[in-house]
Amino acid sequence: MLDLIKLRNRHGYQSIRDIPNAKLSGMHRGFPVIDESKCMDDCQKCSDICPASAISLKPLSIDIGKCTFCGECERVCGYGSVKFINEYKSGSTDREKLIITSNKSFEEFRKDAIIKRKEIHKLFGRSLKFRQVSAAGCNGCEMELAACSNVNFDMGRFGIDFVASPRHADGVVITGPVSKNMAPALMDAFNSVNEPKIVIAAGACAISGGIFAESDELNRKFFDEIKIDLYIPGCPPHPLNFINSVLDFIRKK
Amino acid sequence: MNWTETKNLKSVSLEDIPQLHMNELRTQIIDGIKNGRRLVQFFGDKKDGRLILYAVLADDLTSRLFIASSKFGNEKEYQSITPEIPAAHLFEREFYEQFGIEPKGHPWLKPVRKGIAGISSEEIPYNFFNMTGEEMHEVGVGPIHAGVIEPGHFRFSCHGEKVYYLEIEHGFQHRGIEDLFVKNYNKSLYLTKLSESVAGDTVIGHAGAFVRAMESLGNTAISRRAQLIRTIMLELERIAVHLGDLSALSGDVAYLTGNSVFGALRTKIINTTMAICGNRFGRGIMTIGGINYDISSKLESEIKSILNRLSDDADLAAEVLFSSASVLERFEQTGVIEKETALEIGMVGPAARSSGISLDIRSDHPFDAYQYFTVHKLTLESGDVFARAYMRFIEIQHSIRIILEQLANLQDGELKCPANSLQPDGMVVSLAEGWRGEIAHVIITNSSGNIKRVKIKDPSFHNWFALALAVREEGVSDFPLCNKSFNLSYCGTDL
């Protein structure tokens with residue numbers, strides 16, 4: 001008993017108090033800041049090396065819906081054209097806005113990355129329950145989503161939770177590139193959630209197929225048929241990115 | 001036996017590997033395993049239009065590996081090894097699925113990754129084992145599970161609450177990762193990233209096994225500093241996952257203190273991993289020829305103080321957890337795997353060590369910095385959930401000691417050396433002790449020195465069957481607990 005009290009005392013208060021303003025370590029590779037004016041003519045080292053084929057040239061842009069945030073482009077570029085900063089909030093309601101172009105600052109990206117909708121706030125602003133479907137996810141995104149509910153991030157304080165049954169859920173969070181073998185189960189889970197519902201794609205694999213995009217074993221028809229409400233990039237997305245992106249989407253301000 | 005003798009990460013030339021008649025290879029595999037060797041890999045590869053079956057056996061006592069092969073012509077079948085050596089059952093099913101050569105007499109020739117029940121019409125339908133009788137009933141779980149975890153299907157044949165039989169169906173996570181390796185053979189960075197995603201909870205384990213295999217085939221030597229930092233990263237991964245598992249195991253028996261405390265400790269460790277390389281799971285640090293991120297002396301002292309504090313915290317938390325009657329009541333004598341069974345089915349990793357098998361690749365087939373010091377193999381005897389949970393705790397303390405010792409040994413050195421081109425017509429077996437157990441990557445090159453076959457084995461490949469055996473005769477409500485005590489990878493098995 002004494003040990004238990006001692007343990008609780010040592011454990012202390014572990015939750016991050018101010019989730020929307022929490023900062024991450026400077027090492028974290030978050031938002032990419034691009035400055036094409038620093039590029040040398042015809043240099044394409046970054047796009048050649050990118051393992052996720054996320055970089056386009058002329059004009060230079062990085063698709064953070066594909067990016068695995070490995071940082072190789074920053075390393076290989078000798079001119080400082082690409083730099084990953086530790087700003088982690090990269091969620092967007094619009095797939096196109098995940099393509100980051102030259103001179104787009106993080107603040108500018110954030111300004112219109114998430115388009116709020118009145119009905120979303122009204123329906124889900126105070127309580128939002130998700131059914132998570134891992135469709136060939138490697139367990140990276142899954143572990144980070146599970147971490148959203150641990151004592152450090154404590155997503156439940158905002159009324160957001162993962163639930164076991166799609167019948168209890170207001171939406172689906174998809175991770176993984178969606179294998180052929182998981183495609184029907186994903187559709188079943190989605191159909192089992194009652195309207196109105198939202199769909200979130202979390203992680204590079206769910207958003208674009210990620211590094212598995214070229215695989216013959218995928219079936220991504222789901223994304224042709226169903227509109228995704230919120231994209232949350234990352235490999236995997238940090239829990240703070242997930243929670244804050246969802247909060248920005250469902251809150252009034 | 002005239003098998004090619006090699007060791008972990010020592011590449012061999014394909015032409016040196018003896019080709020035996022399949023009957024001979026079969027007999028020699030059976031003899032080898034009966035004499036204490038272990039089946040590490042068993043897979044097919046096409047060469048000049050002919051199918052070749054490779055088998056890799058390990059002699060753990062002497063740190064040696066043995067490789068032999070057999071060439072198939074028009075034969076469509078061979079005599080199955082599984083009836084004699086149960087540990088071969090999944091290997092043979094995989095070989096059958098990939099190349100269509102039937103192991104005659106295999107007791108359980110079901111699909112591994114392709115024939116998902118009710119999904120694919122072109123594949124063989126999956127027939128579940130079923131039991132009939134009054135009061136028998138089935139419980140089906142998955143592919144989508146209750147928590148935020150990967151998909152897989154479990155089917156229990158129960159009598160009341162008691163589980164008589166569990167069948168585990170895999171394949172839902174199949175992403176064709178081995179094919180992606182071969183298709184993109186010329187993009188080494190992409191391949192490293194792909195290896196990080198074999199199982200996203202074993203980033204350092206799998207990426208490490210892959211880059212070491214590539215370095216071995218290219219005869220690329222890496223600095224002592226890079227080796228040490230890789231070792232530190234692997235141990236950090238082990239600590240983090242073990243803490244997370246202790247947290248989840250506490251949660252499964254409704255012991256919320258353990259759930260919170262171990263969960264918070266895990267966060268500290270993965271944040272330390274992020275402070276080193278910018279990603280909480282260690283993505284981005286491994287590269288062919290070394291590492292991408294260094295540990296500065298400031299970071300070094302931070303890591304030391306975090307680990308010293310963790311060691312005390314974990315001690316106290318474990319003391320509280322393992323002395324709680326309500327926890328022990330659920331942990332002890334639940335999901336027992338006897339040593340004999342564990343040996344027979346070829347279990348690996350901490351789960352095997354919890355059943356008394358002294359097998360640890362860090363000690364038996366050392367790689368990276370483990371070559372320079374001795375890793376003591378830890379074993380427990382009871383083989384139950386308690387042993388697997390307690391093993392997690394003692395391995396956490398063990399890993400903390402390893403990291404603290406190795407931090408003191410850090411010496412200056414190049415972080416990254418240029419990678420050489422690969423040896424043509426070569427083959428390398430790269431073994432590593434991930435937190436789940438033995439990871440085995442095999443890479444084969446063609447005559448121009450390009451990758452032509454990558455075979456990956458996650459430790460889960462051996463251990464899933466142990467889970468199926470562990471829940472027999474247990475209450476169905478003990479399944480989540482047993483499952484978490486193994487914490488196996490779905491995508492690592494499905495590839």
Side-chain angles (χ1 to χ4, degrees), chain A residues 3-4 6-8 10-11 14 24-25 27-29 49 51-52 68-72 75 84 131-147 149-152 162 164-165 176-177 179-185 188-189 205 210-212 214-218 235-236 238, chain B residues 113-114 116 118-120 143-144 146-151 171-177 179-180 183-184 187 189-190 192-194 197-201 203 244 247 257 260-261 263-264 266-267 271 274-281 283-284 292-293 312-313 316-317 319-320 323 489-491 494:
Chain A
D3 275 344
L4 179 60
K6 203 169 142 196
L7 179 66
R8 292 307 296 239
R10 264 182 94 93
H11 176 65
Q14 294 289 337
L24 284 183
S25 133
M27 284 300 286
H28 180 75
R29 290 181 294 278
I49 202 160
T68 62
F69 299 86
C70 66
E72 283 299 331
R75 247 192 304 280
F84 286 89
R131 172 62 258 196
Q132 201 275 327
V133 180
S134 165
C138 72
N139 207 17
C141 291
E142 290 76 7
M143 283 200 293
E144 286 298 51
L145 292 181
S149 309
N150 71 12
V151 288
N152 301 93
F162 291 107
S165 169
S179 58
K180 278 181 188 165
N181 292 343
M182 267 311 283
D188 284 351
C205 290
I211 55 167
F212 297 103
E214 302 290 304
S215 168
D216 300 332
E217 300 292 335
L218 303 187
C235 183
H238 194 282
Chain B
R113 303 180 177 113
K114 298 218 156 155
I116 299 296
I119 291 182
S120 37
I144 301 175
V148 186
I149 50 170
E150 298 174 66
F172 296 95
Q173 294 279 70
H174 184 51
R175 301 154 294 174
I177 210 162
D179 290 343
L180 284 173
K183 261 192 235 165
N184 297 284
K187 303 182 205 156
L189 178 69
Y190 172 82
T192 312
K193 297 296 146 200
L194 203 56
S197 296
V198 171
D201 45 32
V203 170
S247 166
T257 302
S260 311
V261 171
R266 168 184 177 261
T267 306
N271 285 349
M274 180 158 86
I276 297 171
C277 71
N279 181 290
R280 303 217 301 169
F281 298 103
R283 285 173 186 268
N292 283 324
Y293 298 93
D312 295 345
D313 285 350
L316 183 60
E319 175 63 35
V320 172
S323 62
S489 175
Y490 299 78
C491 59
D494 293 345

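Here the structure is a predicted model, which means the values were calculated and not measured. We name chains A, B, ... by the order of the sequence lines, and we start the count at 1 in each one.
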Output yes when Asp216(A) and Arg175(B) qualify as a salt bridge under the 4.0 Å nitrogen-oxygen rule, no when they do not. no
One thing to verify: whether Glu144(A) and Arg280(B) come together as a salt bridge, which I'm taking to mean a side-chain N less than 4.0 angstrom from a carboxylate O. yes
Evaluate the criterion side chain to side chain contact (heavy atoms under 4.5 Å, CB included) for residue pair Leu316(B) and Lys6(A); output intermediate values, then yes/no. CA-CA 8 Å; Leu316(B) 183 60; Lys6(A) 203 169 142 196; 4.3 Å; yes
Between Asp3(A), Leu218(A), Thr68(A), which has the largest tally of heavy atom pairs under 4.5 Å with chain B? Asp3(A)
If we define contacts as heavy-atom pairs under 4.5 Å, which of Arg8(A), Arg75(A), Glu142(A) has the most with chain B? Arg75(A)
Relative to chain A, which segment of Lys193(B) carries a heavy atom at a distance below 4.5 Å: side chain, backbone, both, or neither? both
Give, as side chain, backbone, both or neither, the part of Val148(B) having an atom under 4.5 angstrom from any heavy atom of chain A. both
Is it the side chain or the backbone of Phe212(A) that comes within 4.5 Å of chain B heavy atoms, both, or neither? both
Examine whether an atom of Ala135(A) lies under 4.5 Å from a heavy atom of chain B, and if so say whether it belongs to the side chain, the backbone or both; otherwise answer neither. backbone
Indicate yes or no: at least one non-hydrogen side-chain atom of [X] is less than 4.5 angstrom from one of [Y].
X	Y	result
Asn139(A)	Tyr490(B)	no
Asn292(B)	Glu72(A)	yes
Arg10(A)	Asp312(B)	yes
Ser197(B)	Ile211(A)	yes
Asn279(B)	Arg29(A)	yes
Gln132(A)	Ile144(B)	no
Asp313(B)	His11(A)	no
Arg283(B)	Phe69(A)	no

So, taking the atom named [atom1] in [X] and the one named [atom2] in [Y], what distance separates them when rounded to the nearest 0.5 Å?
X	Y	atom1	atom2	answer
Phe281(B)	Cys141(A)	CZ	SG	8.5 Å
Ile177(B)	Ser215(A)	CD1	OG	9.0 Å
Asp494(B)	Cys138(A)	CG	SG	13.0 Å
Ile149(B)	Met143(A)	CD1	CE	12.5 Å
Cys70(A)	Leu189(B)	SG	CG	5.5 Å
Glu319(B)	Leu7(A)	CD	CG	10.5 Å

For the student: nearest non-hydrogen atoms of [X] and [Y], plus distance:
X	Y	answer
Met27(A)	Tyr293(B)	CE-CD2, 3.7 Å
Pro143(B)	Met182(A)	CB-SD, 4.0 Å
Val151(A)	Ala264(B)	CG2-CB, 3.9 Å
Gln173(B)	Gly137(A)	NE2-O, 2.9 Å

Counting heavy-atom pairs under 4.5 Å with chain A, which one of [options] comes out on top?
options	result
Ala199(B), Gly263(B), Ala275(B)	Ala275(B)
Ser323(B), Ala317(B), Ser489(B)	Ala317(B)
Pro151(B), Gly284(B), Ser247(B), Cys491(B)	Pro151(B)

Set of residues satisfying salt bridge (charged side-chain N to carboxylate O under 4.0 Å, His left out) with respect to Asp201(B), sequence neighbours excluded: Arg436(B)
Going through the checks in order, is the side chain to side chain contact (heavy atoms under 4.5 Å, CB included) test met by His174(B) and Ser179(A)? CA-CA 6 Å; His174(B) 184 51; Ser179(A) 58; 5.6 Å; no
Going through the distances and angles, do Ile49(A) and Tyr190(B) end up as a side chain to side chain contact (heavy atoms under 4.5 Å, CB included)? CA-CA 8 Å; Ile49(A) 202 160; Tyr190(B) 172 82; over 6 Å; no
Across all chains, not counting sequence neighbours, the ring-ring contact (aromatic ring centres under 6.0 Å, His included) partners of His238(A) are His28(A), Phe153(A)
